[in-house]
Q: 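The structure is given below, and queries will be raised subsequently.
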Amino acid sequence: MINLDHLNAQQRAAVTAPLGQVLVLAGPGSGKTRVLTQRIAFLIEAMGVRPHNILAVTFTNKAAREMQHRLQSLLGDAAEGVWLGTFHANCARILRREAQYLSFDNNFVIMDSDDQQALVKRAIRELNLDEKLYRPTSIHAAISTAKNNLITPADFPTQSYRDEITKRIYERYQSLLRDSNAVDFDDLLLETVRLLVDNPQVRERYARRFEHILVDEFQDTNLVQYELLKLLASIHGNLFVVGDEDQSIYRWRGADYRNVLRFEEDYPACQKILLEQNYRSTQTVLDAARAVIDRNKHRTRKHLFSERGSGERLVLYEAVDEHAEAAFVVDTIQQWINSGKARGSDFAVMYRTNAQSRLLEEAFLRAGLPYRLVGALRFYGRREVKDLICFLRLVHNPDDEVSLARVINVPPRGVGEKTMVALQLTARQANMTAGQLLIELGEKGEQSPHWGRFSGRSILPLTDFGSLLAGWRRAVADGLSLPGLFDRILLDTAYQEYIDDGSNEGKERWDNVQELRRLAYEFREGGLTAFLENLALVSDQDTLPEEAGNAATLLTLHAAKGLEFRFVFIIGLDEGLLPHARSKDDPEEMAEERRLLYVGITRAKDRVYLVRAHQRSQYGGPEIQEPSRFLEDLPESLIQRQGQRRQRERWESPESRALRTRLFTPSHQQTSAALVEPRFHPTDRVRHPVWGEGIVMESRIQDGDETVDVFFESVGFKRLVASLANLEILPKS
DNA sequence: CATTATCTTTTTTTT
DNA sequence: AAAGATAATG
């Protein structure tokens with residue numbers, strides 16, 4: 001049974017809001033996930049809505065799982081039947097059901113970003129265009145933006161010659177997709193909208209079904225998603241959306257926080273509820289976050305408050321280079337853990353770009369500290385994993401040209417560029433897809449009318465591969481299980497010999513293959529279709545083990561949204577990195593970088609460490625870094641500097657330095673003393689909360705803090721930072 | 001014609 | 001520093 005007593009007034013108002021449109025603007029840490037789940041529970045239990053009639057949309061699978069989990073514990077089996085998932089997953093579900101109305105069949109594959117890139121490239125090549133002039137990345141971005149704004153190739157605006165070309169690539173790309181019986185991420189949304197617009201009876205069926213629609217992270221919806229919601233809510237009009245303009249960080253993906261304003265315009269009767277009490281962070285953390293975000297214009301100002309007390313200042317550390325940056329992070333975490341005041345899982349290290357994780361990983365490994373890495377060295381992006389996925393995709397849908405191109409020569413069987421071109425040409429002439437042609441060659445061999453079209457050198461490998469493919473498909477048709485198929489592919493291609501050359505790296509690659517096999521085993525019930533859909537839609541962000549023991553978390557600022565940690569490190573606070581260099585020409589993008597930092601800071605419950613490096617090896621040689629402009633927005637009263645002084649302070653007058661020192665005296669008594677002279681001396685007897693009694697061997701001032709070497713009776717020699725270690729000096733006996 | 005060696009270019013964030 | 005494209009080689 002749900003219990004509304006532990007909700008505050010605003011939260012309760014949201015959970016129990018009457019029917020119609022509800023817009024909840026929820027600051028960080030204000031319990032928005034809770035409101036969302038309680039609302040669903042309220043609808044089911046108090047309003048008697050059947051779960052079947054509820055659609056709940058999240059942005060990540062992680063968020064969807066989290067909500068599923070909470071609903072389960074709130075309602076038990078009564079929660080069964082709610083349509084809960086990401087926009088993309090829900091759309092894929094609809095498209096598979098309604099394939100009869102669409103231009104592709106229901107065993108369509110979903111192209112991931114690598115595949116999309118490959119297709120764009122192919123489209124450019126087929127049109128004989130210069131790849132230097134029309135970079136696949138930038139063309140793909142243009143296509144994606146168009147799709148996110150409901151623009152089909154036919155509607156693509158052509159104001160310049162380049163637009164003209166882009167339009168032609170877009171058209172070509174789209175037909176390549178359809179020839180492969182495939183859709184890309186953007187199509188999932190776009191095609192669903194088109195389905196609902198073009199087929200009133202289908203629209204009515206879904207709109208009637210979804211009596212209640214709830215949306216999380218509404219500020220990150222794009223135009224297609226907004227239209228989709230409108231269509232789905234067109235009968236009942238019960239739209240409950242939760243969001244925070246200040247946390248909108250997916251502009252580059254078409255997200256438009258102005259959908260919040262649009263919502264208020266489109267639904268003038270909507271109720272607006274603000275959640276302003278923060279249950280996560282200390283007031284100091286909130287003040288700092290606010291100092292950063294208040295510089296942004298065009299936003300609903302919220303007055304976040306916390307009852308958790310003022311808390312400690314944010315620490316700013318300026319390292320000499322990126323190695324020292326990583327070392328500072330790891331050392332500090334280690335000291336906290338050694339002091340017994342924190343455990344590994346209390347920490348998160350956040351960064352702007354995935355590339356920054358590598359040095360951190362190395363530092364963690366060297367220190368022997370466990371960590372879990374979100375995303376980055378993407379499991380699904382790894383060569384061997386992608387190879388096998390493509391084999392499976394090809395069995396599922398032989399028309400998939402991208403997969404075919406990828407694996408036809410894996411392991412090398414003598415099929416190169418020329419052979420591929422010949423294959424494609426012959427296939428087109430025969431009005432078949434390359435995959436179909438291969439299968440025919442494989443099945444009929446010399447009997448095939450196409451046999452003679454190929455040179456003696458290329459026909460054998462092609463026939464070879466074709467019969468493998470045909471064999472796998474037959475086996476699946478005869479009821480071979482998914483894990484069975486997986487093993488058969490490995491066996492037939494001698495994949496292990498190919499991938500595992502005996503080196504450490506080879507071993508690791510083979511382990512990845514085994515890991516994928518384990519996943520396939522989990523999907524043995526759902527079969528190939530469910531497995532592939534899951535692989536396409538479940539991001540790497542979701543790959544990490546839920547509770548990876550006692551490990552610190554390493555993740556991008558984007559991936560951090562929705563999470564919380566006691567201690568948050570944000571590294572790379574340099575111009576060019578955060579804000580990222582690519583944002584500096586566009587004020588809107590600059591505002592988004594600011595929101596990114598805001599999201600990072602507000603993840604912290606207790607402490608925030610902001611870290612930067614004077615010098616960084618960006619690409620090739622080392623480069624001098626300027627401090628991030630965002631640092632200047634933080635009032636000095638909220639900041640405690642650690643480590644090296646900033647250069648300009650060297651030229652400071654003694655008076656102003658004295659004043660500064662007084663002003664910045666940290667709240668810890670020990671630390672302030674330590675800045676001047678050591679508090680501990682050799683031969684002092686000390687007590688540590690975890691390791692008990694020991695003797696000070698040496699003590700020195702280092703990086704503005706006191707480092708003490710202590711010999712403990714229990715664990716022997718340890719190096720500690722005085723301000724963190726909580727050492728107690730014992731009277732000399 | 002496929003594979004290998006050398007040179008060039010390139011860096012955001014993710015469903 | 002790594003991936004991708006181009007040139008040389010077998």
Side-chain angles (χ1 to χ4, degrees), chain A residues 57-64 85-92 110-114 116-118 121 125 131-132 135-138 141 144 147-148 183-190 217 220-222 224-225 248-255 322 350-359 374-378 380-381 383 409 411-422 454-458 461 533-543 555-561 572 576-584 589 592-593 595-597 599-600 616-623:
Chain A
V57 195
T58 61
F59 255 76
T60 61
N61 297 287
K62 196 162 52 184
T86 61
F87 271 106
H88 293 84
N90 283 317
C91 285
I110 300 165
M111 296 278 174
D112 70 19
S113 17
D114 285 349
Q116 293 169 35
Q117 195 81 8
K121 200 180 260 183
R125 283 192 183 154
E131 277 175 68
K132 294 259 162 59
R135 294 197 179 283
T137 359
S138 94
S144 182
K147 288 186 173 185
N148 285 328
V183 298
D184 64 15
F185 283 134
D186 303 317
D187 280 341
L188 287 173
L189 308 170
L190 185 61
E217 308 281 11
D220 280 326
T221 49
N222 59 32
V224 191
Q225 290 162 337
S248 169
I249 53 176
Y250 287 99
R251 199 184 109 88
W252 46 274
R253 224 173 68 187
E322 70 269 34
M350 302 172 186
Y351 34 81
R352 178 68 235 266
T353 67
N354 279 307
Q356 291 171 266
S357 69
R358 256 193 45 194
L359 282 171
V374 182
L377 275 172
R378 301 152 45 221
Y380 297 117
R383 197 184 81 205
N409 202 30
R413 50 170 62 83
V415 181
E417 204 187 333
K418 290 285 152 117
T419 309
M420 261 322 262
V421 170
F454 295 95
S455 70
R457 191 163 162 188
S458 62
E533 179 152 323
N534 200 60
L535 290 179
L537 291 176
V538 168
S539 71
D540 300 302
Q541 307 296 312
D542 304 303
T543 344
L555 75 183
T556 62
L557 286 160
H558 283 90
K561 192 162 70 163
L577 212 46
L578 183 64
H580 196 273
R582 292 179 86 117
S583 318
K584 71 165 181 281
E589 286 193 23
E592 179 145 314
E593 298 288 307
R595 292 195 289 268
L596 216 35
L597 177 58
V599 166
R616 212 177 270 284
S617 297
Q618 289 279 59
Y619 76 112
E623 279 169 30

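The figures here come from the full heavy-atom set of this structure, side chains too, leaving out hydrogens, waters and symmetry mates. By convention in this document, chain letters (A, B, ...) are assigned in the order of the sequence lines, proteins followed by strands, and residues within each chain are numbered from 1.
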Q: Protein-nucleotides 5-7 of chain C N/O pairs closer than 3.5 Å?
A:
{"from": "C:dA5", "atom 1": "OP1", "to": "A:K121", "atom 2": "NZ", "distance (Å)": "3.1"}

Q: Between A:F59 and A:S583, which has a closest nucleotide on DNA chain B that is more 5'?
A: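 The answer here is A:S583.
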
Q: Which nucleotide sits closest to the side chain of A:R358: B:dT13, C:dA1, B:dT11?
A: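 Closest of the options to the side chain of A:R358: C:dA1.
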
Q: What is the distance from atom OG of A:S455 to atom NZ of A:K418, rounded to the nearest 0.5 Å?
A: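 A:S455 atom OG to A:K418 atom NZ measures 11.5 Å (nearest 0.5 Å).
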
Q: Can you find a heavy atom in the side chain of A:M350 that is under 4.5 Å from one in the side chain of A:Q356?
A: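 They are not in side-chain contact.
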
Q: Rounded at 0.5 Å granularity, tell me how far CD in A:E592 sits from CG in A:L597.
A: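 Result: 13.0 Å between the selected atoms.
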
Q: Would one find a side-chain N or O of A:R135 under 4.0 angstrom from OP1 or OP2 of B:dT10?
A: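 Answer is yes, contact under 4.0 Å.
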
Q: Does A:L555 offer a backbone N or O that forms a donor-acceptor pair with the side chain of A:Y351 under 3.5 Å?
A: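 Yes, A:Y351 side chain to A:L555 backbone: donor-acceptor pair under 3.5 Å.
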
Q: Which whole-number value in Å describes the distance from A:D186 CG to B:dT14 C1'?
A: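 Distance check: A:D186 CG to B:dT14 C1' gives 11 Å.
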
Q: Between A:T556 and B:dT14, is there a side-chain N or O to OP1/OP2 distance below 4.0 Å?
A: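 Checking A:T556 against B:dT14: at least one side-chain N or O falls below 4.0 Å of OP1 or OP2.
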
Q: Check for a donor-acceptor pair, side chain of A:D184 on one end and backbone N or O of A:D112 on the other, with a separation under 3.5 Å.
A: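 Side chain of A:D184 to backbone of A:D112, a donor-acceptor pair under 3.5 Å: no, none is there.
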
Q: When the C1' atoms of B:dT13 and C:dG4 are compared, how many Å lie between them, rounded to an integer?
A: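 It comes out at 22 Å once rounded to the nearest Å.
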
Q: Please state how far atom CZ in A:F185 lies from atom P in B:dT13, giving the value in whole angstrom units.
A: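 Distance check: A:F185 CZ to B:dT13 P gives 15 Å.
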
Q: With no hydrogens and no angle check, is any side-chain donor or acceptor of A:N148 less than 3.5 Å from a backbone partner on A:R253?
A: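 Such a contact is found between A:N148 side chain and A:R253 backbone.
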
Q: Rounding to an integer number of Å, can you tell me how far A:D187 CG sits from B:dT15 P?
A: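 In whole Å, B:dT15 P and A:D187 CG are 18 Å from each other.
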
Q: Would you please name every residue forming a ring pair (Phe, Tyr, Trp, His ring centres under 6.0 Å) with A:Y250, sequence neighbours left out?
A: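 With neighbours one apart ignored, the set is A:W252, A:H558.
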
Q: To the nearest Å, how far apart are A:N61 CG and B:dT14 P?
A: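 To the nearest whole Å, that distance equals 14 Å.
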
Q: Roughly how far apart are A:I110 CD1 and A:N534 CG, rounded to 0.5 Å?
A: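 Taking CD1 in A:I110 and CG in A:N534, the distance rounds to 10.0 Å.
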
Q: Whole angstrom is fine here: how far is it from NE2 in A:H580 over to P in B:dT11?
A: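 Rounded to whole Å, this separation is 10 Å.
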
Q: Closer than 3.5 angstrom, by distance alone: can the side chain of A:R413 be matched with the main-chain N or O of A:P461 as a donor-acceptor pair?
A: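 Pair absent, no side-chain N/O of A:R413 close to backbone of A:P461.
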
Q: Please give, in whole Å, the distance from C:dA3 P to A:Q117 CD?
A: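 Rounded to the whole Å, the gap is 15 Å.
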
Q: How close do A:N222 and A:G254 get, counting heavy atoms only, and between which atoms?
A: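 Result for this residue pair: CB-O, 3.0 Å.
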
Q: Does the aromatic ring of A:W252 sit over the six-membered base ring of B:dT13, closer than 5.5 Å centre to centre and tilted less than 30°?
A: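 Stacked: centres under 5.5 Å apart, planes under 30°.
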
Q: I need a per-nucleotide contact map over nucleotides 1-7 of chain B, read 5' to 3'. Cutoff is protein heavy atoms under 4.0 Å; write B for the base, S for backbone only, - otherwise.
A: BSS----

Q: When you measure from the side-chain N and O atoms of A:N354 to the phosphate of B:dT14, is any distance below 4.0 Å, counting only OP1 and OP2?
A: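 Yes, because at least one side-chain N or O of A:N354 sits under 4.0 Å from OP1 or OP2 of B:dT14.
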
Q: Can you tell me the distance, in whole Å, between the CD atom of A:E593 and the C1' atom of B:dT13?
A: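 Computing the A:E593:CD to B:dT13:C1' distance gives 8 Å.
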
Q: From CD of A:E533 over to P of B:dT15, roughly how many Å is that when rounded to an integer?
A: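 So the two atoms are 15 Å apart, to the nearest Å.
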
